[in-house]
*Asks:* 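Could you have a look at this structure, given as structure tokens, before my questions?
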Amino acid sequence: MDSKEKCQPETDRIAVTPEGVLRVPDKPIVSFIEGDGIGPDIWAAAKGVLDAAISFAYGDRRRITWLEVLAGEKAYREAGEWLPERTLQAIKNHVVAIKGPLTTPVGEGIRSVNVALRQRLDLYACVRPIRYIRGVPSPVRHPERVNMVVFRENTEDVYAGIEWEAQSSEAEAVIAFLKDQMGVRVANDSAIGVKPMSRRASRRLVARAIQYALDHDLPSVTLVHKGNIMKYTEGAFMKWGYELAREMFGDHIVVESDGGLEPDGKAPPGKVVIKDRIADMMFQQVLLRPEAYHVIATPNLNGDYLSDALAAQVGGLGMAPGANFADNCALFEATHGTAPRYAGQDKANPISLILSGVMMLEYLGWMEAASAIEHAIQKSISDALVTYDLARQMPGSQEVRCSEFAEAVIERLTWPGHAGT
Ligand code: NAD
């Protein structure tokens with residue numbers, strides 16, 4: 001192979017047109033971050049499944065050229081930086097990326113590689129679908145009633161990282177400012193954190209959630225907030241959400257509090273109900289009436305808590321996929337962490353990362369490969385082949401290693417409805 005053949009031709013780049021339309025060549029370059037801890041194990045499993053499903057669905061016509069980019073411990077070891085600038089550039093240039101979990105260094109270096117990735121790439125919408133896979137052990141009686149997609153604002157709120165240690169000169173200066181300029185008293189030994197929430201960031205997140213509901217024919221979008229207490233941040237999120245819904249989607253929505261819903265609380269055909277719920281009450285609702293909620297749009301911290309709680313209802317973090325979207329790029333990722341206790345043991349559950357890959361295939365428009373994988377995962381679980389985390393809760397199941405689970409999924413790639421289902 002000469003040097004020219006080694007470079008990636010431009011035509012293999014995914015692109016976003018000025019109108020925001022994704023252009024995907026048949027052999028796109030996709031960047032990946034292997035991840036720390038269990039990352040290398042679950043990434044190897046996920047990559048194997050994704051490649052096999054693409055080949056199963058499209059033969060030689062389509063394939064992904066994987067481009068490794070460094071972040072986290074591997075980047076620190078090899079390049080002396082937790083998040084090299086060229087990693088950010090590569091993700092931007094190639095538009096679509098997928099990652100394993102990354103360690104958050106404690107007491108040194110970068111605050112959080114994950115948060116830095118989201119902020120530097122302006123990945124403002126964290127999208128987490130939560131759906132039950134039949135046969136997975138769950139702590140609730142009707143996990144199959146959970147079928148929601150959480151849209152979590154990803155760049156603001158207390159995650160903006162604006163905080164000062166108690167008794168630091170910065171905290172003391174802010175406390176003095178609050179007392180002298182704003183007439184507000186705060187205990188002198190307080191730590192101080194700031195919770196910024198902007199109209200722009202709230203609106204673009206809600207817009208994405210409503211568009212998703214319309215694109216997927218889903219009946220409702222719920223704005224989840226704590227506006228009864230935090231009126232000018234969480235309360236404003238709700239206000240801006242309704243404002244955006246009426247302005248941008250007026251012909252396609254019905255606001256619950258305006259009335260006009262069908263007697264069963266549903267919107268008239270073809271329309272989406274926009275409603276809001278206070279965050280604490282929402283935690284009850286998703287346990288008691290999960291079937292009443294479809295798309296959730298919520299600020300950063302609520303979204304973090306709520307999506308983990310929902311993941312537990314359908315079988316735990318090892319099962320929950322996720323994606324982070326900017327206007328011009330997308331980063332797909334497992335929602336769990338690095339599970340350091342199981343690092344390098346070929347033991348962890350790769351489903352979360354495989355399903356994040358399924359979301360990625362759907363984003364590329366490669367629906368056949370995506371649905372073949374979902375079907376094969378369901379089949380592997382129905383055949384009681386599962387990793388340790390599920391096996392210990394599934395009497396009669398056969399515990400398999402991470403790589404063996406991937407092999408089981410690959411062996412079961414068939415079209416939904418075909419023999420063997
Ligand atoms: P964790 O998600 O790594 O682990 C929580 C529990 O779930 C542990 O018992 C773990 O063994 C189990 N678990 C997680 N993933 C699993 C899988 N795929 N299969 C089977 N069991 C699984 O959370 P943690 O222990 O709080 O965090 C460990 C590290 O990961 C920290 O450095 C943290 O900052 C980081 N983290 C990264 C991300 C990310 O990259 N998006 C997310 C969360 C935590």
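As the structure is a computational prediction, the values presented were derived from the model and not from experiment. Both ligands and their constituent atoms are indexed starting at 1 by order of listing.
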*Asks:* Can you list every side chain to side chain donor-acceptor pair (under 3.5 Å) pair that touches residues 35-45, not counting sequence neighbours?
*Replies:*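 Checked against side chain to side chain donor-acceptor pair (under 3.5 Å) - neighbours excluded - the pairs reaching residues 35-45 are D36-T103.
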*Asks:* Could you walk me through whether T387 and E399 pass side chain to side chain donor-acceptor pair (under 3.5 Å), step by step?
*Replies:* CA-CA 5 Å; T387 46; E399 180 179 326; over 6 Å; no
*Asks:* Which parts of the protein, at residue level, reach under 4.0 Å of ligand 1 through a heavy atom?
*Replies:*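 Correct list: I38, K99, P101, L102, T103, T104, N114, E333, T335, H336, G337, T338, A339, P340, Y342, A348, N349, Y388, D389.
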*Asks:* Name all residues meeting the salt bridge (charged side-chain N to carboxylate O under 4.0 Å, His left out) criterion together with E165; count only those two or more places apart in sequence or in a different chain, and write none if there are none.
*Replies:*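 If we apply the salt bridge (charged side-chain N to carboxylate O under 4.0 Å, His left out) test to E165, skipping adjacent residues, there are no hits.
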*Asks:* Between R131 and E374, is the closest basic N to carboxylate O distance under 4.0 Å?
*Replies:*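 R131 and E374: salt-bridged.
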*Asks:* What pairs with N324 under side-chain hydrogen bond (donor to acceptor under 3.5 Å, both in side chains), at least two apart in sequence or on another chain?
*Replies:*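 Applying side-chain hydrogen bond (donor to acceptor under 3.5 Å, both in side chains) to N324 gives N154, E333.
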*Asks:* Would you mind checking if K47 and E34 are paired as a salt bridge, meaning a charged N to carboxylate O distance below 4.0 Å?
*Replies:*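 A salt bridge is absent here (no side-chain N lies under 4.0 Å from a carboxylate O).
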